[in-house]
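Heads up, the thing below is written out as structure tokens.
From a predicted model like this one, the values you see are computed outputs, not experimental measurements. In what follows, chains carry the letters A, B, and so on, assigned in the order in which the sequence lines appear, proteins first and then strands, with residues in each chain numbered from 1.
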Amino acid sequence: DGGITQSPKYLFRKEGQNVTLSCEQNLNHDAMYWYRQDPGQGLRLIYYSQIVNDFQKGDIAEGYSVSREKKESFPLTVTSAQKNPTAFYLCASNNGSRVGRFFGPGTRLTVL
Amino acid sequence: SQQGEEDPQALSIQEGENATMNCSYKTSINNLQWYRQNSGRGLVHLILIRSNEREKHSGRLRVTLDTSKKSSSLLITASRAADTASYFCATDPYSGAGSYQLTFGKGTKLSVIP
């Protein structure tokens, strides 16, 4: 079955640690996205990638980093510079800029 | 950046009734999309309506778009308990070179009571 997988489902981080969230898709999509969702809020774009080896900052990129070395994979690193990282993180993909996005199941990150 | 705003924030109805959610936005769009999110899960794309379209249907879903009023509505007919979820509108801004910056509203939380 085609789809997007995110791991882990739950992640706990201590203050000052970097953590990496995994996102893998087998839909053969060119574009991939990372969003952050806070309780009662809409999604905010962190980073997006239109093609392998290229990515762009979204609205809230500070304290995050990404890489896109393979078409299938778009990992997100939450660095210690991100002051309030506790949130629900969603990865998405699609082909082209004018079509709907497919979303993964999300990773809930909690800072202890 | 522009943002769609859904109204109402929360809606509670009986099973079998229709549910209507509205979305307003501020600037010109290429298209508007509706998504559903079950609690603690990822979003599911429901419908995309382009700026030159006025109405679209998909099963029990009907979406309308009024670009003169900068608003859209999502109607779910004959609701079921399984429709209980949050519903988000997302606007794809108009730009000549294609845009990857889809902007989401805060959502309408729909509860369908059996």
Side-chain angles (χ1 to χ4, degrees), chain A residues 3-7 9-10 21 23-25 27 29-51 54-61 66 68 74 87-110, chain B residues 1-10 21 23-25 28-53 56 58 61 63 74 85-109:
Chain A
I4 301 180
T5 58
Q6 291 186 243
S7 61
K9 185 169 178 147
Y10 298 97
L21 283 59
C23 176
E24 303 277 333
Q25 55 100 358
L27 299 165
H29 286 166
D30 288 317
M32 297 186 75
Y33 311 80
W34 274 106
Y35 292 92
R36 170 181 171 141
Q37 186 178 31
D38 293 283
Q41 301 294 315
L43 277 63
R44 291 184 289 167
L45 182 64
I46 304 173
Y47 270 98
Y48 66 98
S49 168
Q50 299 177 41
I51 198 167
D54 182 65
F55 48 83
Q56 308 293 330
K57 291 182 179 180
D59 299 320
I60 56 165
V66 293
R68 185 86 187 275
F74 191 40
F88 191 48
Y89 290 87
L90 289 156
C91 180
S93 72
N94 65 359
N95 264 340
S97 63
R98 302 299 194 191
V99 296
R101 282 141 172 69
F102 285 82
F103 279 83
T107 292
R108 189 167 299 280
L109 172 64
T110 303
Chain B
S1 59
Q2 73 172 41
Q3 182 179 38
E5 290 189 9
E6 293 90 344
D7 170 62
Q9 291 185 352
M21 288 157 268
C23 172
S24 60
Y25 58 92
S28 296
I29 59 171
N30 176 281
N31 66 74
L32 185 145
Q33 302 173 29
W34 284 92
Y35 290 82
R36 184 186 75 230
Q37 183 181 35
N38 290 88
S39 182
R41 311 289 288 272
L43 277 71
V44 175
H45 180 250
L46 297 175
I47 285 185
L48 181 152
I49 185 165
R50 303 193 188 283
S51 59
N52 61 353
E53 297 175 311
K56 276 188 100 166
S58 177
L61 306 181
V63 168
L74 170 67
S86 292
Y87 292 82
F88 295 88
C89 71
T91 50
D92 187 349
Y94 176 83
S95 77
S99 168
Y100 291 80
Q101 300 263 9
L102 196 65
T103 304
F104 288 80
K106 295 182 180 180
T108 291
K109 192 166 185 177

Select one option (side chain, backbone, both, neither) describing which atoms of Gln9(B) are under 4.5 Å from chain A's heavy atoms.
-> neither
Proximity breakdown for Leu43(B) and chain A, heavy-atom pairs closer than 4.5 Å = both
Who are the ring-ring contact (aromatic ring centres under 6.0 Å, His included) partners of Phe88(A), not counting sequence neighbours?
->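 Phe88(A) satisfies ring-ring contact (aromatic ring centres under 6.0 Å, His included) with no residue once adjacent residues are dropped.
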Which region of [X], side chain (C-beta onward) or backbone (N, CA, C, O), has a non-hydrogen atom less than 4.5 Å from a non-hydrogen atom of chain B, or is it both or neither?
{"X": "Phe102(A)", "result": "neither"}
{"X": "Gln37(A)", "result": "side chain"}
{"X": "Arg44(A)", "result": "neither"}
{"X": "Leu43(A)", "result": "both"}

Where the side chain of Tyr35(B) meets the backbone of Arg101(A), is there a donor-acceptor pair that is under 3.5 Å apart?
-> yes
Which atom of Gln101(B) lies closest to which atom of Leu45(A), heavy atoms considered |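 Taking every non-hydrogen atom into account, OE1-CD2, 3.4 Å.
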Residue pair Leu48(B) / Arg98(A): nearest heavy atoms and the distance that separates them |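 Nearest heavy atoms, Leu48(B) then Arg98(A): CD1-O, 3.4 Å.
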Steps toward side-chain contact (heavy atoms from CB on, under 4.5 Å) verdict (Leu102(B), Tyr48(A)) = CA-CA 11 Å; Leu102(B) 196 65; Tyr48(A) 66 98; over 6 Å; no
How far does CG of Asp38(A) sit from NZ of Lys106(B), to the nearest 0.5 angstrom?
-> 11.0 Å
Give the member of Gln6(A), Gln50(A), Gln41(A) that has the highest number of heavy-atom pairs under 4.5 Å with chain B.
->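 Going by pairs under 4.5 Å, I would pick Gln50(A).
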